[in-house]
Amino acid sequence: MLLAIDCGNTNTVFSIWDGSEFIATWRTATEWQRTADQYYVWLSTLMKLQKIEAEITDVIVSSTVPRVVFNLRVLADRYFNTRPYVVGKPDCQLPVDVRVDEGTAVGPDRLVNTVAGYDIYGGDLIIVDFGTATTFDVADADGAYVGGVIAPGVNLSLEALHNAAAALPHVDISKPQSVVGTNTVACMQSGVFWGYIGLVREICARIKAERDREMRVIATGGLAPLFQQAEALFDAYQDDLTMHGLTVIHKYNKDLAE
Ligand SMILES: Nc1ncnc2c1ncn2[C@@H]1O[C@H](COP(=O)(O)OP(=O)(O)OP(=O)(O)O)[C@@H](O)[C@H]1O
Ligand SMILES: CC(C)(CO)[C@@H](O)C(=O)NCCC(=O)O
Ligand SMILES: [K+]
């Protein structure tokens, strides 16, 4: 079975893929100091608790944090006796072209999302991922990654207000009752929530205009449904898009190796 690891700047997600479905998914905070032994204790405890009897033979990693890759490699080698595929490294091929400026190291999560989007929905996509940053990735008609947009993430925007202004509290995102807030928290939520609705709508409209064609907008990330419920911004929502992409890339490389 395949252990797929999606390491973001805030959270790391581990999923076990049995070849047709994910049989378990666990989330932990990303900390580059965590050792292979710590990962294994955590993982094996959860597997036991949930009575998951999976023999892991393969590992694939996408990491936006370069420093965590070393310990994840050791985890794969020491505990699963396998060499992991690491997205973005030369020995991990992608099933789509990447057409960006030379020397650009595109975030592996963005490449994986593009592969997943193309696999599920076909070409001409805008893939929006609400993570630490909010990213927009453009898949061409042939699935190639042709660039995108990086905007500050929802929680990051609220944190930035709190960190920069002495009188602004820590606030969690939610949909405000009205646009005009009558207390500090409501004002901050309104700025980020409605500002974000505008940001997503404007960026998608401009991408479509710039490329002069119909494109479908696919959303992923825990916060997407919150925005979608206020306004129909997306044509589809896929919670496990990045994980799906990791399984596609793994299979592609396995097939190449045969
Ligand atoms: N209604 C909500 N209000 C606040 N936070 C939410 C809500 N729904 C989901 N979230 C949060 O959204 C986040 C979604 O996780 P996701 O994997 O999409 O990004 P992330 O882990 O924050 O970023 P990264 O992948 O860059 O580490 C989680 O931290 C989750 O707690
Ligand atoms: C933009 C983030 C932080 C989103 O997770 C990640 O994809 C990243 O670190 N990217 C590197 C730069 C780039 O994608 O062009
Ligand atoms: K993510």
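Keep in mind that what you see is a predicted model, and the values were worked out from it rather than measured. Both counts, for ligands and for their atoms, begin at 1 and track the order of listing.
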Passes ring-ring contact (aromatic ring centres under 6.0 Å, His included), Trp26 versus Phe14? Steps please. CA-CA 5 Å; Trp26 298 294; Phe14 287 68; 8.2 Å; no
Asn113/Thr242 under side-chain hydrogen bond (donor to acceptor under 3.5 Å, both in side chains): CA gap, chis, key distance, verdict: CA-CA 5 Å; Asn113 282 347; Thr242 315; 2.7 Å; yes
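Residues Leu3 and Tyr79 have side chains not in contact (no heavy-atom distance under 4.5 Å, counting atoms from C-beta outward).
Given atom 25 (O) of ligand 1, the protein heavy atom at minimum distance is Gly8 CA, 3.9 Å. For atom 1 (N) of ligand 1, the nearest protein heavy atom (residue, atom name, distance) is Leu223 CD2, 4.4 Å. Looking only at heavy atoms of the protein, atom 21 (O) of ligand 1 is closest to Asn11 ND2, 2.9 Å. Closest to atom 15 (O) of ligand 2 among all protein heavy atoms lies Arg110 NH1, 3.4 Å. Scanning the protein for heavy atoms near atom 16 (P) of ligand 1, the closest one is Arg27 NH1, 3.8 Å. The closest protein non-hydrogen atom to atom 19 (O) of ligand 1 is Gly131 CA, 3.5 Å. At the top of the distance list for atom 8 (N) of ligand 1, counting protein heavy atoms only, stands Gly222 O, 3.4 Å. Taking atom 11 (C) of ligand 2 as the reference point, the nearest protein heavy-atom neighbour is Gly107 N, 3.6 Å.
By the definition of a contact as any protein heavy atom under 4.0 Å away, atom 11 (C) of ligand 1 is not in contact. For atom 6 (C) of ligand 1, a protein heavy-atom neighbour is found at a distance under 4.0 Å. For atom 31 (O) of ligand 1, the nearest protein heavy atom lies 4.0 Å or farther away.
Note on Arg213 versus Asp124: salt bridge recorded, some NZ/NE/NH1/NH2 to OD/OE distance being below 4.0 Å. Using a cut-off of 4.0 Å between Lys/Arg side-chain N and Asp/Glu carboxylate O, Lys251 and Asp255 are scored as salt-bridged. A salt bridge links Arg201 with Glu231: at least one charged nitrogen is closer than 4.0 Å to a carboxylate oxygen. For the pair Asp140 and Arg99, the salt-bridge criterion is met [side-chain N within less than 4.0 Å of a carboxylate O]. Salt-bridge annotation for Arg206 and Glu202: present, with a side-chain N of the basic residue lying under 4.0 Å from a carboxylate O of the acidic one.
Near Gly221, meaning under 4.0 Å from any of its heavy atoms, are these atoms of ligand 1: 18 (O). Interface of Phe130 with ligand 1, defined as ligand atoms under 4.0 Å from a residue heavy atom, comprises 18 (O), 19 (O).
For Asn9, the heavy-atom gap to ligand 2 drops under 4.0 angstrom. In this structure, Asn9 counts as a contact residue of ligand 1, since one of its heavy atoms falls inside 4.0 Å of the ligand.
Between the side chains of Ser20 and Asp18, a donor-acceptor pair is found at a separation under 3.5 Å. Donor-acceptor pairing under 3.5 Å is lacking for the side chains of Asp235 and Tyr121. Looking only at atom types and distance, the side chain of Thr35 has no donor-acceptor partner in the side chain of Tyr40 under 3.5 Å away. Looking at Asp58 and Thr82, their side chains never bring a donor and an acceptor atom within 3.5 Å of each other. A donor atom on one side chain and an acceptor atom on the other are not found under 3.5 Å apart for Thr12 and Arg34.
Of the polar atoms of Thr135, none of the N or O atoms is found under 3.5 Å from an N or O of ligand 2, judged by distance alone. Polar contact with ligand 2: absent for Val106 (N/O pair, distance under 3.5 Å). For ligand 2, none of its N or O atoms has an N or O atom of Thr104 under 3.5 Å away.
Heavy atoms from both the backbone and the side chain of Thr132 come within less than 4.0 Å of ligand 1. For Ala105, every heavy-atom contact with ligand 2 shorter than 4.0 Å involves the backbone, none the side chain.
The residue from Thr64, Asp137, Asp109 that puts a heavy atom closest to atom 5 (O) of ligand 2 is Asp109.
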